[in-house]
2 protein chains.
Amino acid sequence: MSNAWQEDVQAAVAAGVRISDQHIVDKVRRAVLTQRLPPGTRLPEVTLGEVFGVSRSVVRKALTRLAADHVVDQRPNQVARVRAPSIEETRETFAARRLVEGEVVALLAGQLDDGALSALEQEAHREIEAHQCGDEPARIEHSLAIHHQVAELSPNRVLGAMLTDLILRTSIVIALYKRPSLASCYLDGDHPRLLARLRAGEPEKARGVIDEHLRALEDLLDLGPRETETDLMAILGRPSPAEA
Amino acid sequence: MSNAWQEDVQAAVAAGVRISDQHIVDKVRRAVLTQRLPPGTRLPEVTLGEVFGVSRSVVRKALTRLAADHVVDQRPNQVARVRAPSIEETRETFAARRLVEGEVVALLAGQLDDGALSALEQEAHREIEAHQCGDEPARIEHSLAIHHQVAELSPNRVLGAMLTDLILRTSIVIALYKRPSLASCYLDGDHPRLLARLRAGEPEKARGVIDEHLRALEDLLDLGPRETETDLMAILGRPSPAEA
DNA sequence: TGTCGATTTATTGTATACAACAATACTGGC
DNA sequence: GCCAGTATTGTTGTATACAATAAATCGACA
């Protein structure tokens, strides 16, 4: 029950930081992203309230927003749970992200000033460093930072917001379906290649790089037919897999 | 203050229909869509609660969800208001919808069974009838039904949900920025053309039809430079337009 | 008369109490 | 030992009370 998670929060509370629903949303999102809160985890309102030192009112608002962000499942009269997207939805999420992020980088190609480009290149460089050091959490951090900045920089803010959402959802399912054998989902050179296209102002090439990048990422996941265990269950005619 | 709107709600309450946050969300969404609730309208929690016969708790949840749907603006310590997207955001929303709906219809081309296709064609036919009768509300209803069904039928559910959101947002800004001189935003033959492409199984043609359709729709709006009045205000150096 | 300031009002933020519902555990019968 | 029915517990749904904040109003003063 008691995660290392609670310590951060209690420290924040002790420091007098104002805990609002936004903070809870951020904390939970981050915890889900880093798999400290694995899919299916129950998130009772009172428990969350105790953890954050607020009442259910605040927690409820946070949960509603997290549900809108597809991070948790909120069903009537039932405890909220961390969402566990199906394999099918995972594929669809990747397809959607290819479409949206492809368009965003195409729009961005040749339109970025040197400052933004440099910041991106710095993140890419740090990602490589982190990977060489074997520091996977840091590597993920920098990789996410690149995509996140791309979303932020999108000239089309509507698409940018949609991309932010899709990056979050993709990250969740990557954590969920990553092949255990793989130490990392690092794809060598993809990010520098993308940035080179952006700098060179080649929209379609940039779109192509992103498309390949995301396809390669998806291929790294274990999205094949279910494992033997669950397959047997299905064959034996279990009424409902209880899996969204 | 008292709209015809309230009557429906009070009738529903009298009929013993269970009013939940979902109902409020639907009602407000619909009212915004049909411009019975024009952009900028204040939506105080107590007032809404009285109208629907529920307490603020329920209203708050509904407002939070409506904010997530980009229908209302919910800022801290401030009364929620019906969102008034800017002209820039309007253009971006249309661009996003062209991208997403284009992809969806491309995925759909040649993949629909006759039942779904027939249902769509019936809506298109009824739209034409309504237009010929001069019944604009009905025409909008049928037009929306077509796009809505396309979103529902999307093999990629993630894209489908995104499209549903974009259809709503587009409808809002159409109502907002429609040229007053125009009686209707009807585009002759576009929908039948789309359905023909879907039936024929021509993905790229279908994408092209949607793209043109949405561009034509956008061109029907008054998205030019601001009017003289507001322009003067800007020139005179008003500190902040206070308009999201 | 116009503007600044204080007071009042309107509205949201938060906590809490109770009701309704779901899931679980327990007990009695078979 | 197993199943059904019931009691209990856990959890969410809703309403309400009070605190905190923002907006509006009014009044004093220049």
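Here is how names work: the chains are called A, B, and so on, in the same order as the sequence lines, proteins then strands, and each is numbered from 1.
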Give a yes or no on whether the backbone of B/Ala67 and the side-chain of B/Gln74 come within a donor-acceptor separation of less than 3.5 Å. no
Between CG of A/Leu48 and P of D/dT11 the distance, given in whole Å, is 12 Å
Is there any salt bridge (Lys or Arg N to Asp or Glu O under 4.0 Å) pair reaching into residues 146-155 of chain B, and which pairs are they, with sequence neighbours excluded? none
Salt bridge (Lys or Arg N to Asp or Glu O under 4.0 Å) partners of residues 159-170 of chain A, not counting sequence neighbours, each pair once: A/Glu89-A/Arg169, A/Asp165-A/Arg169
Between C1' of C/dT11 and CD of B/Glu45, the distance in whole Å: 8 Å
When rounded to whole Å, the CD to P distance for the pair A/Gln22 and C/dT14 reads 12 Å
In whole angstroms, how far is the C1' atom of C/dT11 from the CZ atom of B/Arg60? 10 Å
Provide, to the nearest angstrom, the distance between the CZ atom belonging to B/Arg81 and the C1' atom belonging to C/dT11. 12 Å
Rounded to whole Å, please give me the gap between CG in A/Asp73 and C1' in D/dT11. 17 Å
Can you list the residues that meet the side-chain contact (heavy atoms from CB on, under 4.5 Å) rule with A/Arg179, with sequence neighbours excluded? A/Ser181, A/Leu182, A/Asp222
Output the rounded distance in Å from CZ (A/Arg42) to C1' (C/dA22). 11 Å
Pairs meeting criterion side-chain hydrogen bond (donor to acceptor under 3.5 Å, both in side chains) with involvement of residues 135-146 of chain A, two or more places apart: A/Arg30-A/Glu141, A/Glu123-A/His142, A/Glu127-A/Arg139, A/Glu136-A/Arg139, A/Glu136-A/Ser184, A/Arg139-A/Ser184
Would you kindly give the CD-to-C1' distance between A/Gln78 and C/dA22, to the nearest whole Å? 8 Å
Polar atoms only, N or O, under 3.5 Å: list the protein pairs with nucleotides 15-19 of chain D and their distances.
from, atom 1, to, atom 2, distance (Å)
D/dA15, OP2, B/Ser55, N, 2.7
D/dA15, OP2, B/Ser55, OG, 3.1
D/dA15, N7, B/Ser57, OG, 2.5

State which residues pass salt bridge (charged side-chain N to carboxylate O under 4.0 Å, His left out) with A/Glu45; sequence neighbours excluded, sorted by chain then number. A/Arg56, A/Arg60
